[in-house]
Structure formats: C-alpha cells, structure tokens
Amino acid sequence: MRAATSGSGRMRRSAMRRALAAALAVLALAGCVAIPDGGPVVEGQVDADEQTNDFVFLAQEPQPGATQEEIILGFLGAAISPADDYAIAREYLAVGAAVSWDPDARVIVRSGAQPQISFTGESETAASAALTAQSELSAGGALLEGGDRILEFELLQVGGEWRIVRAPDGIVLSASTFDTLFQPHALHWLTPDATRAVPEVRWFERTATTIDERIIDALLAGPSTWLSPAVSTFGAVEARRVGPLRVDGTTTSVTLSLDQVAQLGDGSLEPLAVQLALSLRELGVREVRVQIDGSEASASSADFGPIDVGDVDPRPLVLEGATLRSVGGGAPAVADVGETLSAIGATSFTVGQQGGVAHTGTTAAWVVSDAEPVVISADAAVVPTVDDSGWVLLHETTGPQQLLAWRDGQRSALSLPADAGRPVAMELSRDGARLAYVTNEGGRSSVWVLAVVRDADGRPVTLGEPYLLPTIEGSGTDVTWVSPTQVAVLATDDDQSQIAVLTIGGVSEQLPIPGAEARAIVGGSDGTATLRALSADGALLSLRGRVWSPAAGLQALDLIATQQ
C-alpha cells in the first residue's frame, strides 16, 4: 500500500489554507468568490439568470500529465461545481464512466482532512480513497449517520492521460462546502387522519431553477424508514411527476402519472396537494394543484380542510402560587387548574386539548378542570407526556423496558427498543407522531426520536425504530420540542446547566450557558424565540441575544407548563 500524502503535498495544502483564508475575506466583502476546499482557489462567477443569491463554485479541470492520485482527488474535489450535471467532474472519467456515474446517489460530508489515496499492491490502476464521514445524505436528501468510508476506483490511461473508468456513485464534500451548496427544507407528511402535518427535514442543492421539482420528487418517494410507520404520504408507490411544473404567481400546478389514481383513487389527490403545498411554502407557494396525466382527475390544496401545523400559544404558561396563567396578558390559554396542581405538589404539567398530565416527581396524575385528579401511576420518575387526544405516555421506574399508554383508565404497553436504554426525559411532538427520548450513560446523553404508531382510533400501539440524534455532553434531565423539527435538551455538565437544540435531520446548536441552574425547559413552536427555562429558584428565563434573562414581575414559580 502506498499513501497519497507527501511533504510537498502538505506544503501545497498549507499554502492553500492561506489562500483560502484570503478568499474568505474577499467573499465577505464581494460575495462572488468561489472557495473549493481542494486544488487552487479560483475566482467564480454568478449567473443571475440561473441563481438567486447563490455562489457558483468553479472546480479545477484535469491537468495534463496528472498522476492517478491527482486525478482521483481532482474528481472528488470537482463535486463543488454541480453546474451542467457536474460537467467538470465528468471530465475526470472515461467515456463510459462519465455516462453511468450518478452524482445524485448520495452526498458524503467528510470531516477533517482530505481523503487518503492508496493503491492495491503494485497496481497502478486500482485505488481506494479512505475518509471519515461526518454524515451522509441519501438520494432523497435525508441526513444519515456518518462513519468511516472506503471509496473504490479503477483507472486507465486514455490518450496518454489517466482517467477513471470505475467510480462510486455520489459526491464527497467538506462540511463547510456542504453548508454552502445545500440547504434544508421541510417535507410534510400527514397523520393518518389527515388533520396534522408531520415535517421531515431534507437537504437540497441551492439550485433555484430545480429546487421545487426536487422537493416534489422527494415527497413522492416517501418518508424515511424510521418515520414511515407513523405517517401517511397519500402518494402512490409508483406515482411520478410528469413534465415540467406550471407556476402562476403563488400557485404551482403538478401533473402526475396515472398510477396515483389507479392505486389510491381520486380521494388521495387533495391531501397530496396539501402535503405538496406545505412542503413548497418556504419557496413562496400558497396553493398546489394536482392533475393526472391522461385523466380529468384533479384537486387543489385550497379545497382541503385546515391542517394543524403544530403552532401553540407563544406565551409561557406558568404556575404562580395557586394560579395557572399565561405570561403576557390576553385571554387564558387553558382552564385554570392551578389550585389542583398546587394541592398535589405538581412539579411539571403537560396540557393538551382534552386535559393535562401532572407530575410530582414520583406520581403521574390526570388533571382537568372541575374534577378530582386521577392517579395514573405512583411509580413515574420521568415526566410523562400527553397528546391532544388525551393519550398519556409514561415510564414506570420498576417496570420492564416499556412505556405505558393511558387514557380514561385504558392501559396498554409499548415496548421500547432494546438499545434505547431507560429514559431520563421524553416528550411527544405536537403532531403526536414522534417521541423525543433521552438516556444517560457515562456523563453523556443520547437523544433519540421514535415514530409513534397508532391504530385507527388513534391509540398508540407500538414505537418505531429509534432515530439517533447527536450525543450531548452532560447528564440529561429534560427535553422539549421547540419547533416541529427541533428538540432542546437540558443537561448538567461540571455542575453547569447546558442546553442544546437539535434539528431532526439537520444541524445542532449549543446555546449559551444559563447564569443560574436550570431545572426544566419548555418549548413553543418558533425555535429558540419561544424556549423558556425555569431556574432552580423559580425564575422564568428566556434567551435574549446570547444571555438568559429572568422575566420581571413574577413570583417564584412552581412550574412552567408544556403546551401541546
């Protein structure tokens, strides 16, 4: 095996880093310099007809006399330039490989250094590139776990120049280049009763002329495996988009193949149109019209009933003395059950449309106005959670590795995945289709999201395979949804409270450390703007800029409630 790195290569990379820093400074001032992370730094151009506020990266073309290593690294580096279907990258490939190579198959987001090239034995034609992936993007734009990757290549001389005759499908990008070339969008599925939207973050190239088509195609292909048991797609398995989109102001018209109505019937078109409209609204689309190629069947998203997108009252709901009230004035968010909460010594309260579940540290109780609280379990060490239909999920300390589902005295068990561990915190998303779930081990917190599968009556019957989010430093104590696609986790590390916001299928952010110890966090539906923390001495904290500030004019609070 012979390695690709040499002393002169290290010197070239050092010079490249200095040039990259200079290019970054120019970019900040001018906004039109391309920044590849391999090869020379070159000046880019922006085509105003094709791009809107996006940078165009120009990759280095194959150079005469390039070695096999330089050809492989040049090919991998050319992924920064997707123009004309990666025309520059295809120049590194022999004719057959240039036709068959599929750059859209996946995106490997590498971490750290450039890939290390090695050759098989004494061969000059078979090579591999070893790298560590920070993450990987599927063909549909879903973010997957990273890890070590080995990419296999085969080369031959064509006209006296080395070219690649076998290359792995997909592209490789550095994390910084990926962040520049790709952007997240939320695809929207529906709950099985078609009343609530369930978003899933996907990543797409910043190509203004095709992003809407890519979003539609990804939605027709269906949700990720971990989420699919909990949602309905209303798209037929074989349905495909036919022809170009027609855009008229804020209305987009989509033509689908006959498979849609052949498999699911005309009744599937309106909810599918709603899903498409929700998925395209970040692009300014307000209505989607779906029609079937070769048929008169059609539907508009505007004709469908209202869809709950997970918005909640942005005002914090707090227990102050014996009064449960919203901070900020206006009409009460929910019925005042403060006297009941105070009487039972509640330390947390989660409320939905049908009522709420209170927790005292050991006991979970169902609380509604004008009624005595109903004890669900006296063995609930973890704060329980509830959905809008009144189903409570809780974990009993001395029980097996499972959750208890409860409503109006009905009980059933939901088995937890063996590798998920016992929870220290959990909370249902407001659509009821996902459960955020935190476990601790060795001073670190693992955060999972599991699909909640329900029967025709909305009863939770099983949990899906866990989707693992980034690990959090410190021992987790609380979790909350801060938007339909984000959870915040409260953990203690070195006797300090740490709060991190994790996007399911996206990026993570460590928030500033609160000046006071935090004992609970509660999210709204608008990200960190509606995130609140409750300090150990009962102060209500909110993030203002980079500082956690206490709310003025409040007594010491007993709890801050979660609003479903």
Under a 4.5 Å cut-off applied to non-hydrogen side-chain atoms, are [X] and [Y] in contact?
| X | Y | result |
| --- | --- | --- |
| L435 | L428 | yes |
| Q291 | R246 | yes |
| L502 | I472 | yes |
| V452 | L450 | no |
| E270 | F234 | no |
| D293 | S257 | no |
| T252 | V247 | yes |
| D104 | E205 | yes |

Just how far is it from atom [atom1] of [X] to atom [atom2] of [Y], taken to the nearest 0.5 Å?
| X | Y | atom1 | atom2 | result |
| --- | --- | --- | --- | --- |
| T439 | M426 | OG1 | CE | 13.0 Å |
| L269 | L276 | CG | CG | 10.5 Å |
| F182 | F204 | CZ | CZ | 10.0 Å |
| S123 | L155 | OG | CG | 8.5 Å |
| R430 | S525 | CZ | OG | 6.0 Å |
| S301 | L278 | OG | CG | 8.0 Å |

Return yes if some donor-acceptor pair links the side-chain N/O of [X] with the main-chain N/O of [Y] below 3.5 Å, else return no.
| X | Y | answer |
| --- | --- | --- |
| N440 | G476 | yes |
| Y437 | G421 | yes |
| Q68 | W162 | no |
| T528 | L531 | no |
| D169 | D102 | yes |
| E70 | T67 | yes |
| Q134 | G146 | no |
| R241 | G243 | yes |
| R110 | G112 | yes |
| S128 | I150 | no |

Minimum heavy-atom separation for [X] and [Y], please, with both atom names.
| X | Y | result |
| --- | --- | --- |
| I71 | R163 | CD1-NH1, 3.6 Å |
| A129 | P115 | CB-CB, 4.1 Å |
| L143 | S135 | CD1-OG, 3.8 Å |
| P184 | V201 | CB-CG1, 3.9 Å |
| W203 | G505 | NE1-O, 2.9 Å |
| A66 | E161 | N-OE1, 4.0 Å |

Checklist entry - Looking at W101 versus Y92, is the centre-to-centre ring distance below 6.0 Å? => result no

Checklist entry - What do the steps show when you test V231 against D431 for side-chain contact (heavy atoms from CB on, under 4.5 Å), and what is the final call? => result CA-CA 10 Å; V231 297; D431 50 58; over 6 Å; no

Any donor-acceptor pair under 3.5 Å linking the side-chain atoms of [Y] with those of [X]?
| X | Y | answer |
| --- | --- | --- |
| E465 | T225 | no |
| S446 | E441 | no |
| W481 | E427 | no |

Item to check | From CA spacing to verdict: side-chain contact (heavy atoms from CB on, under 4.5 Å), R149, E136 | outcome: CA-CA 10 Å; R149 300 286 190 274; E136 183 173 322; 2.8 Å; yes

Next on the checklist: If you apply the rule side-chain contact (heavy atoms from CB on, under 4.5 Å), what do you find for I108 with L151, and how did you get there?
Outcome noted: CA-CA 11 Å; I108 296 175; L151 308 180; 4.0 Å; yes

Item to check | Carboxylate-amine/guanidinium proximity below 4.0 Å for D85 and R90 | outcome: yes

Checklist entry - Going through the distances and angles, do R214 and H185 end up as a side-chain contact (heavy atoms from CB on, under 4.5 Å)? => result CA-CA 11 Å; R214 294 188 179 215; H185 286 273; over 6 Å; no

Checklist entry - How far apart are the C-alpha atoms of S300 and E287, what are their side-chain angles, what is the distance that settles it, and do they pass the side chain to side chain donor-acceptor pair (under 3.5 Å) test? => result CA-CA 7 Å; S300 169; E287 180 187 359; 2.5 Å; yes

